[in-house]
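Atoms considered below: every heavy atom in the structure, side chains included; atoms not considered: hydrogens, waters and symmetry mates. Worth saying up front: this structure is predicted, and the values here are computed from it rather than measured. Quick note on labels: first sequence line is chain A, next is B, and so on, each numbered from 1.
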Number of protein chains: 2
Amino acid sequence: MSTMLSQSVATLTASSYLHRPKRGLPRIVQRVPTRGVKSTLRRVVCSADYELLYFDARGAAETSRILFAVSGVQYEDSRYKFSFVEGKPKVEDRHAEDKAAGRFEANLDRLPVLKVNGSAIGQSKAIERYLAQEFGLAGSNSIQAAQIDAYCEHVRDISTAYGKERGSPFAPMSDETKEKIEKWFAETLPGWFERLEKATGPDGFAVGEKLSLADVCLHQLVTAGTMGSDERSLASLCEYPKLDAVVKQVH
Amino acid sequence: MSTMLSQSVATLTASSYLHRPKRGLPRIVQRVPTRGVKSTLRRVVCSADYELLYFDARGAAETSRILFAVSGVQYEDSRYKFSFVEGKPKVEDRHAEDKAAGRFEANLDRLPVLKVNGSAIGQSKAIERYLAQEFGLAGSNSIQAAQIDAYCEHVRDISTAYGKERGSPFAPMSDETKEKIEKWFAETLPGWFERLEKATGPDGFAVGEKLSLADVCLHQLVTAGTMGSDERSLASLCEYPKLDAVVKQVH
């Protein structure tokens, strides 16, 4: 995941959520059950200086940006701009300079990297789990924390399985790929969702009784271009009331 | 990873480590810095009843078994036996019965599953992170915990990259695959190790100043048949003194 750029970089990012006027904030920010989060926040806001380094795209940083947005925690959203040259992304020179200077060593010279008070953490999923823990989005006890972790791994499995069918998101969609995607939405994804539904809690949350990283991961799977068409992804939920409730709760 | 069986099921498992006479114990058990672990253990041994469900193979459960072995924590090592029929694994009937009964729902009908006092946790990596946290193998603070998590994701990236070259571990090795494996050990793996070396601590531990899940993950990468030949895997370390020190510390 680490260096994957979003398929659709022009769409709304978590960062722009933060800077939109309050009236325009999506419900994800307004609805967050903030009691646990807020009490964590006081500590976090006072003690930590966060910088998230990634490309100017959603990709492997977006879930972390959502976690900052949901929790209302300030951070520096450092983005390397890029453009497409002959269908391939070309990143601004500053990226190569920072890489050569060792700024991304914590992620084996890749992005994203999270800096916390000068310490560097690599790997998008490790960053997400760290932030979830810090922001009170990792359940109420160690078993719930592990179940939330596992739920996110389920979502990752689904995303990876889609990626195998789709191939590079930058590649043009061949007829063969189009057929694979049809089969994905008609057969494969329902197979995953049927089993994920059984592993989902009954109260509108993936695990436990409050918002967690697991809910955000499922929400991202169907709303962040992860499986190409968000419209088709969201429509695929309609036969799975518990999954649907989780996504609606976050949305 | 979840349903992958080990390539070499006949070799030594963590479970057999536990049952070997003390003289024969590998240093991984004798050398564990037990102070932190022991204090955690008292609580764990008193309060938790662990059962790890997996196939009778190393595969996606072995790192968790190593964590139990390293920490000296008792658990039920439940294994589904299997044999190979026409080159494919055929698992004993009890597996299908337990699956139908919903015993693996926490992992979307797959293995491994960890039962902790009746609660079920799926996903091998989530189980490993949970056990590491419980057993004091997740660092000394939240930043170290995240860096250990990230380090294990680096190792996972390497393992995944190898898997893409190798294809199914059950498939016969074609000439094309053999060529890919040669290139892996000659070019690709050194590229990974060079960068991983830079992200490795100077004191014989991957992260921080004591044994953690990160050390165990690196050790498993080069000693559990993960990249086919452990001999070649171990030999690949010789130019990377920090990686070599971590593996020797655990071994």
Problem set entry | Contact summary for B:Ala150 and A:Gly122, nearest pair of heavy atoms | CB-O, 3.3 Å
Exercise. Going by distance alone, is a donor N or O of one side chain under 3.5 Å from an acceptor N or O of the other, for B:Gln123 and A:Asp157?
Worked result: yes
Exercise. Roughly how far apart are B:Gln133 CD and A:Gln133 CD, rounded to 0.5 Å?
Worked result: 6.5 Å
Exercise. Looking at B:Glu153 and A:Arg110, does any basic side-chain N land under 4.0 Å from a carboxylate oxygen?
Worked result: no
For this session: Please state whether the side chain, the backbone, both or neither of B:Ala145 comes within less than 4.5 Å of a heavy atom of chain A.
Result: neither
Exercise. For the candidates B:Glu194, B:Gln147, B:Arg195, B:Glu105, which exhibits the highest count of non-hydrogen atom pairs separated by less than 4.5 Å from chain A?
Worked result: B:Arg195
For this session: Pick whichever of A:Ser142, A:Ala199, A:Cys152 has the most heavy-atom pairs under 4.5 Å with chain B.
Result: A:Ser142
Problem set entry | Atom pair CD1/CG of A:Ile143 and B:Asn117 - distance to nearest 0.5 Å | 7.0 Å
Problem set entry | Where B:Ala146 and A:Ala126 come nearest, the two heavy atoms and their spacing | O-CB, 4.0 Å
Problem set entry | Spatial distance of atom CD1 (B:Ile121) from atom CD (A:Gln144) [nearest 0.5 Å] | 11.0 Å
Problem set entry | Donor-acceptor contact present, side-chain B:His154 to main-chain A:Ala106, <3.5 Å | yes
Seminar exercise, completed: CG (A:Leu108) and CZ (B:Phe193) are apart, to the nearest 0.5 Å, by 11.5 Å
